[in-house]
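To start, the structure under review is shown below, and the notes come after it.
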Amino acid sequence: MAERVYPADSPPVSGQFSDNFSSGEFPRKPATYVIQVPKDQIYHVPPPENAHRFQHLSQKKVHRSRCRCCFCSVLAAIFILIVLAGISLAVIYLFFRPEAPKYSVEGFSVSGINLLSPSPISPIFNVTVMSRNGNGKIGIYYEKGSTVDVFYEDVDLCNGALPVFYQPAKNVTVVKTVLTGSKIQLTSGIRKEMRNDLSRKSFPFKLKIRAPVKIKIGSVKTWTITVNVNCDVTVDKLAAPSRIVSGKCSHDVDLW
């Protein structure tokens with residue numbers, strides 16, 4: 001039978017080893033081993049072969065951080081500008097109390113329309129428009145480039161423009177303009193409609209005005225704003241002088 005050999009520093013365990021296994025107990029845990037690494041192999045900075053990559057990644061993170069900061073700064077600046085603009089507009093509105101001018105058609109005479117001949121027509125319209133500026137501290141500059149058109153149904157009969165003028169605050173201005181059309185061919189259906197209107201003494205027309213204006217607030221002038229005026233005008237005959245049976249105007253503004 002082979003003889004068991006135990007380490008020299010082990011205590012005598014006569015009969016204990018076999019007794020522990022036979023009783024179901026486990027032997028003691030093995031001892032803890034400590035591995036010593038030379039001091040010159042402990043790196044507090046990247047090793048030389050990884051230094052370039054470490055530098056590249058570090059610069060990339062700094063670049064992203066700067067871009068993020070710049071983007072946030074731009075957004076903050078835009079937000080502040082929007083808030084300041086809103087406050088400025090609110091102050092201007094509360095101080096000046098602006099209101100849109102009101103428009104009406106005061107004169108509307110027609111000539112040059114012959115319904116008895118199939119030949120093209122060259123109508124002439126003399127139109128008088130009244131503008132009421134009720135603002136106490138706001139003036140209006142009516143600039144060049146305006147257009148004025150008169151329609152019957154969907155037919156553009158004539159066109160022209162408003163004169164250039166300045167309307168001061170609390171002012172009523174009457175503007176007269178002559179609109180002309182040349183060699184306009186009317187269809188048989190349009191001629192028939194006009195003859196029916198002749199028997200009723202009621203000719204409905206649409207007057208459309210598009211005028212570029214600048215608003216004067218105190219000593220400051222705004223950018224160019226476009227005023228669109230649409231009027232439904234009904235006259236009693238197609239000859240001068242004609243009487244306005246009914247007239248109603250509406251308007252809107254294009255700020256840009």
Side-chain angles (χ1 to χ4, degrees), residues 100-133 140-167 171-198 200-215 223-256:
K102 297 178 175 59
Y103 302 92
S104 61
V105 179
E106 301 299 320
F108 198 90
S109 63
V110 190
S111 61
I113 299 179
N114 185 2
L115 298 178
L116 302 178
S117 172
S119 301
I121 61 174
S122 296
I124 299 174
F125 286 76
N126 288 275
V127 178
T128 303
V129 178
M130 179 180 291
S131 173
R132 297 177 176 86
N133 180 14
I140 304 173
Y141 288 91
Y142 287 83
E143 306 283 330
K144 292 181 179 180
S146 64
T147 59
V148 184
D149 294 87
V150 173
F151 292 82
Y152 180 87
E153 298 292 339
D154 294 329
V155 181
D156 191 352
L157 297 177
C158 60
N159 53 73
L162 295 177
V164 177
F165 66 97
Y166 170 70
Q167 185 176 22
N171 175 265
V172 177
T173 301
V174 177
V175 179
K176 295 183 178 181
T177 183
V178 178
L179 313 177
T180 59
S182 177
K183 297 181 179 180
I184 299 173
Q185 184 65 56
L186 301 177
T187 64
S188 58
I190 293 296
R191 290 181 180 276
K192 182 178 180 181
E193 286 289 335
M194 284 187 167
R195 285 194 292 268
N196 293 335
D197 293 336
L198 180 62
R200 293 191 295 262
K201 294 184 178 181
S202 177
F203 291 90
F205 295 98
K206 289 185 180 295
L207 176 67
K208 294 186 177 183
I209 301 173
R210 185 175 176 86
V213 302
K214 288 185 178 180
I215 308 300
W223 61 94
T224 301
I225 300 171
T226 302
V227 176
N228 302 300
V229 182
N230 299 300
C231 300
D232 294 321
V233 184
T234 302
V235 296
D236 60 345
K237 58 183 178 180
L238 297 179
S242 58
R243 181 176 61 88
I244 297 176
V245 177
S246 64
K248 183 179 180 180
C249 295
S250 63
H251 68 275
D252 58 69
V253 177
D254 297 334
L255 294 177
W256 314 105

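Screening residues 175-191 for side chain to side chain donor-acceptor pair (under 3.5 Å), with sequence neighbours left out, gives no hits. Residues in residues 109-126 take part in these side chain to side chain donor-acceptor pair (under 3.5 Å) pairs, two or more places apart or across chains: S117-S119.
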* To do: Determine, step by step, whether I209 and Y103 satisfy the side chain to side chain contact (heavy atoms under 4.5 Å, CB included) criterion, reporting the C-alpha distance in whole Å, the side-chain angles of both residues, the deciding distance to 0.1 Å, and the verdict.
  => CA-CA 10 Å; I209 301 173; Y103 302 92; over 6 Å; no

* Test S131 against Y142 for side chain to side chain contact (heavy atoms under 4.5 Å, CB included), laying out the working first. => CA-CA 11 Å; S131 173; Y142 287 83; 3.4 Å; yes

* **Evaluation steps, side chain to side chain contact (heavy atoms under 4.5 Å, CB included), between V213 and Q167** => CA-CA 10 Å; V213 302; Q167 185 176 22; over 6 Å; no

* To do: Check step by step if side-chain hydrogen bond (donor to acceptor under 3.5 Å, both in side chains) holds for N171 and N133.
  => CA-CA 5 Å; N171 175 265; N133 180 14; over 6 Å; no

* Between V127 and V148, is a side chain to side chain contact (heavy atoms under 4.5 Å, CB included) present by the stated rule, with each step listed? -> CA-CA 10 Å; V127 178; V148 184; 5.7 Å; no

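Within the model, atoms CD1 of I121 and CG of L186 stand 4.0 Å from one another, a figure rounded to the nearest 0.5 Å. Atoms CZ and NZ, on R243 and K237 in that order, are 9.5 Å from each other to the nearest 0.5 Å. Going from atom CD1 of I190 over to atom CG of L157 covers 9.0 Å, rounded to the nearest 0.5 Å. For the atom pair CD (E143) and OH (Y166), the distance works out to 12.0 Å, reported to the nearest 0.5 Å. The distance from the CG atom of L198 to the CG atom of L115 is 6.5 Å, given to the nearest 0.5 Å. Within the model, atoms CG of D197 and CG of D236 stand 12.0 Å from one another, a figure rounded to the nearest 0.5 Å.
Remark: D232 engages K206 in a salt bridge (charged side-chain N to carboxylate O under 4.0 Å, His left out) (not counting sequence neighbours). Legend: residues meeting ring pair (Phe, Tyr, Trp, His ring centres under 6.0 Å) with F205, ordered by chain and number and at least two apart, are F108, F125, Y152. Remark: D149 pairs with no residue by the salt bridge (charged side-chain N to carboxylate O under 4.0 Å, His left out) rule, at least two apart or across chains. Every residue was checked against the ring pair (Phe, Tyr, Trp, His ring centres under 6.0 Å) condition with F151, not counting sequence neighbours, and none meets it.
With contacts defined as side-chain heavy-atom distances shorter than 4.5 Å, the pair V129/V174 does not qualify. For the pair F203 and V233, the minimum side-chain heavy-atom distance is 4.5 Å or more.
Residues P204 and T234 come closest through the heavy atom pair CA-OG1, 3.9 Å. What you find for V150 and L207 is that their closest heavy atoms are CG2-CD1, 3.8 Å.
Looking only at distances, a side-chain donor or acceptor of S146 sits under 3.5 Å from a matching main-chain atom of L162. Counting only distance, with no hydrogens or angles, the side chain of D254 and the backbone of T226 share no donor-acceptor pair below 3.5 Å.
Counting heavy-atom neighbours within 6.0 Å of D154 CG, excluding the residue itself, gives a total of 12 or less.
When N230, N228, T147 are each tested for a side chain to side chain donor-acceptor pair (under 3.5 Å) with R210, only one passes: N228.
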